[in-house]
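These notes are about the structure you will find just below.
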There are 2 protein chains.
Amino acid sequence: MVRKKSSASQHDVSERTISRLLLYRKRLSGAPEDVKRFIYSYELGAMCGVTSAQVRRDLMLVGCSGSPNRGYDRRELLGSIEDFLYRPGVQNAALVGLGNLGRAILSFLAGRHSRLAIVATFDIDPAKTNCVTFGCRCYPVADLRTVAAAAGIEVAILTVPAASAQETAGLLVAAGMRGILNFAPVTLHLPDHVFVEDIDLAMSLEKVAFFARRGQQMERKHA
Amino acid sequence: MVRKKSSASQHDVSERTISRLLLYRKRLSGAPEDVKRFIYSYELGAMCGVTSAQVRRDLMLVGCSGSPNRGYDRRELLGSIEDFLYRPGVQNAALVGLGNLGRAILSFLAGRHSRLAIVATFDIDPAKTNCVTFGCRCYPVADLRTVAAAAGIEVAILTVPAASAQETAGLLVAAGMRGILNFAPVTLHLPDHVFVEDIDLAMSLEKVAFFARRGQQMERKHA
DNA sequence: ATCACATTGTGAAACCTATCACAGCTTAAC
DNA sequence: GTTAAGCTGTGATAGGTTTCACAATGTGAT
């Protein structure tokens, strides 16, 4: 029943779609597994705050299955989504900047992911380096290139102060990073091949405040 | 020179547009003020990772000025954007859940904003309540309603564990919140009039990892 | 077997967002 | 005063995303 189809080779897939697929995956894997073997598009949609049509449209991309009157086999669906989202094996990430926010994020993400793990942290402060926090050794920033190369790290979380963000980001790219999750409230200027996702806490809060004033939820969009 | 026009009363403005306006505001106010009195749309665009046409289009909304051959008066522009984004006076926010992440976010946001301030925190753990962290008193969650009413709080940051997020969110709404910045990795189900912005750190990182694998930055979008 | 039903998969339509491109200005230079 | 230059403001356009709506389909009841 598993139509392999073209499996829409992941090029030209929008960020929005990927975010939703990640959400579907999380909700599917987070549920009490086999309470029900099948799930309808509208059920998955309700779990994620998305319409059933949107769910079906997204699932077309991953080379789906799904039968009328029964819906999708949860395990099979989860497998298809993960095949689409992840490459075989584990992908490693680094966290750069062990301040308050960096440590909190590390505590949040450390030792959780099978497919994506934070394996090293970096800081300039010699007082912080060579310690182990939440299971991750902290290296001096100067060692970025060698450690990243040795561990095959291509993704980094950037939690350094705004003043040093651009400079540190440059070092990250020089060390071979291809994706950066940036918490510093600055616009990074980097080569095109590096994917940057900005999370600016202050701006997010102000956005909430703006829309809170004029009621009406308009949309639901996981960042 | 300040055309007042209709000033496009802030209804029906998209989330994206608001995010960009917040970004323009931040870049304008963060710069060394009067190094130059005027700024062109393409300059502001470059500072924010946005095209000049997009900048001009966005500025149409705020009831803009701007002269050919000189660009926009920075101070005046900043004023127009702030008039559009903020209501007069200060808006208060609360932070609920003083775990690692909550404390880090508090340290990040406390004592910064003129227009939007975190004025109270809440937790269920009696060991944490009635202390002052980063200048904010921590109240028991049971006092949500009274404290929120007294301080006029309508916006909250939710950093409680996933397991209690939905329940706590319900309490927030009951306490009069109209906007929630949700860090718990769950889809909250709340009345339509409550605006929810989700930030899921694990999913954001996985998104970066996905696009890092297939190169090519596609877009730049502040969250 | 056959039927009635609820769902899938998807072309088409609607909607939303960003870009193009240019008329109209405003300024500076001569 | 006239001209050249380069930007703003915006209608039109292109592009992207979501929703609609329905034929096709598998399932369970009769």
Side-chain angles (χ1 to χ4, degrees), chain A residues 1-8 11-21 23-24 36-46 48-74 76-77 80-81 216-222, chain B residues 1-8 11-21 23-24 36-46 48-74 76-77 80-81 216-222:
Chain A
M1 203 50 53
V2 182
R3 267 191 313 123
K4 214 42 207 287
K5 211 183 172 179
S6 64
S7 194
H11 295 102
D12 66 31
V13 183
S14 78
E15 287 192 43
R16 292 260 183 123
T17 303
I18 293 302
S19 291
R20 282 192 304 266
L21 286 172
L23 185 55
Y24 303 156
K36 267 176 47 189
R37 188 168 165 204
F38 292 92
I39 188 169
Y40 294 121
S41 62
Y42 71 85
E43 293 175 308
L44 182 53
C48 300
V50 157
T51 67
S52 64
Q54 182 76 76
V55 170
R56 292 199 302 278
R57 179 70 62 183
D58 289 336
L59 293 186
M60 281 179 69
L61 276 181
V62 309
C64 196
S65 44
S67 96
N69 240 22
R70 246 188 337 194
Y72 303 85
D73 181 310
R74 301 173 69 115
E76 192 179 300
L77 180 55
S80 300
I81 293 176
Q216 254 61 290
Q217 172 86 318
M218 19 196 57
E219 189 187 352
R220 202 57 172 293
K221 190 199 56 189
H222 254 266
Chain B
M1 202 55 50
V2 182
R3 266 191 314 123
K4 212 44 204 286
K5 209 182 174 179
S6 63
S7 196
H11 296 101
D12 66 33
V13 183
S14 80
E15 287 192 44
R16 292 258 184 124
T17 304
I18 293 302
S19 291
R20 282 192 305 267
L21 287 172
L23 185 55
Y24 302 156
K36 267 177 47 190
R37 191 172 162 199
F38 292 91
I39 188 170
Y40 294 120
S41 62
Y42 70 84
E43 293 175 308
L44 182 54
C48 300
V50 157
T51 67
S52 64
Q54 183 75 75
V55 170
R56 292 199 302 278
R57 179 70 64 183
D58 290 335
L59 294 186
M60 280 178 69
L61 276 181
V62 309
C64 195
S65 44
S67 95
N69 240 22
R70 245 187 338 192
Y72 303 86
D73 180 311
R74 301 174 69 116
E76 192 179 300
L77 181 54
S80 300
I81 294 177
Q216 255 61 292
Q217 172 84 318
M218 20 195 55
E219 191 187 350
R220 203 56 173 292
K221 189 198 56 188
H222 254 265

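In what follows, chains carry the letters A, B, and so on, assigned in the order in which the sequence lines appear, proteins first and then strands, with residues in each chain numbered from 1.
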For [X] and [N], give me the distance from atom [atom1] to atom [atom2], rounded to whole Å.
X     : N      : atom1 : atom2 : value
A:E76 : C:dT8  : CD    : P     : 14 Å
A:L77 : C:dT8  : CG    : C1'   : 13 Å
B:E15 : C:dC16 : CD    : P     : 14 Å
A:D58 : D:dT18 : CG    : C1'   : 10 Å
A:F38 : D:dT27 : CZ    : P     : 8 Å
B:L61 : D:dT8  : CG    : C1'   : 16 Å
A:Y40 : C:dT7  : OH    : C1'   : 7 Å
A:E43 : C:dA6  : CD    : P     : 14 Å

Between [X] and [Y], which heavy-atom pair has the shortest distance, and what is it?
X     : Y     : value
B:S80 : B:G63 : OG-O, 4.0 Å
A:L77 : A:C64 : CD1-SG, 4.4 Å
B:K36 : B:R74 : O-CD, 2.7 Å
A:L21 : A:I81 : O-CG2, 3.8 Å

Residues that A:F38 engages under ring-ring contact (aromatic ring centres under 6.0 Å, His included), provided they are two or more places apart =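 Partners of A:F38 by the ring-ring contact (aromatic ring centres under 6.0 Å, His included) criterion come out as none, since no residue qualifies.
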
task = Sequence neighbours left out, what passes side chain to side chain donor-acceptor pair (under 3.5 Å) with A:Y24? Give chain and number order.
result =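 Result, side chain to side chain donor-acceptor pair (under 3.5 Å) vs A:Y24: A:D58.
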
So which protein N/O to nucleotides 20-24 of chain D N/O distances come out below 3.5 Å?
from	atom 1	to	atom 2	distance (Å)
D:dA21	N6	A:R56	NH2	3.4

Would you say [X] reaches [N]'s phosphate, i.e. side-chain N/O to OP1/OP2 under 4.0 Å?
X     : N      : value
B:R20 : C:dA18 : yes
A:Y42 : C:dT7  : yes
A:R16 : D:dT18 : yes
A:Y72 : C:dG9  : yes
B:S67 : C:dT26 : no
B:Q54 : C:dT19 : yes

message = Any base atoms under 4.0 Å from A:S41, or only sugar-phosphate, or nothing? Heavy atoms, all strands.
response =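 The residue A:S41 makes sugar-phosphate contact but no base contact.
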
ask   = With A:R57, which residues qualify under salt bridge (Lys or Arg N to Asp or Glu O under 4.0 Å), at least two apart?
value =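 A:R57 satisfies salt bridge (Lys or Arg N to Asp or Glu O under 4.0 Å) with no other residue.
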
Those residues that, when tested against B:R56, pass salt bridge (Lys or Arg N to Asp or Glu O under 4.0 Å) (two or more places apart) =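 Applying salt bridge (Lys or Arg N to Asp or Glu O under 4.0 Å) to B:R56 gives none.
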
ask   = Between A:N69 and A:T17, who's closer to the 5' end of DNA chain D by nearest nucleotide?
value =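 This one resolves to A:T17.
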
key: Check against side chain to side chain contact (heavy atoms under 4.5 Å, CB included), B:R20 and B:T17   = CA-CA 5 Å; B:R20 282 192 305 267; B:T17 304; 3.5 Å; yes

key: Residues which pass side chain to side chain contact (heavy atoms under 4.5 Å, CB included) with A:T51, listed by chain and number, not counting sequence neighbours   =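 Counting only residues at least two positions away or on another chain, A:T51 forms a side chain to side chain contact (heavy atoms under 4.5 Å, CB included) with A:A53, A:Q54.
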
Filtered N/O pairs between nucleotides 13-15 of chain D and protein, under 3.5 Å:
none

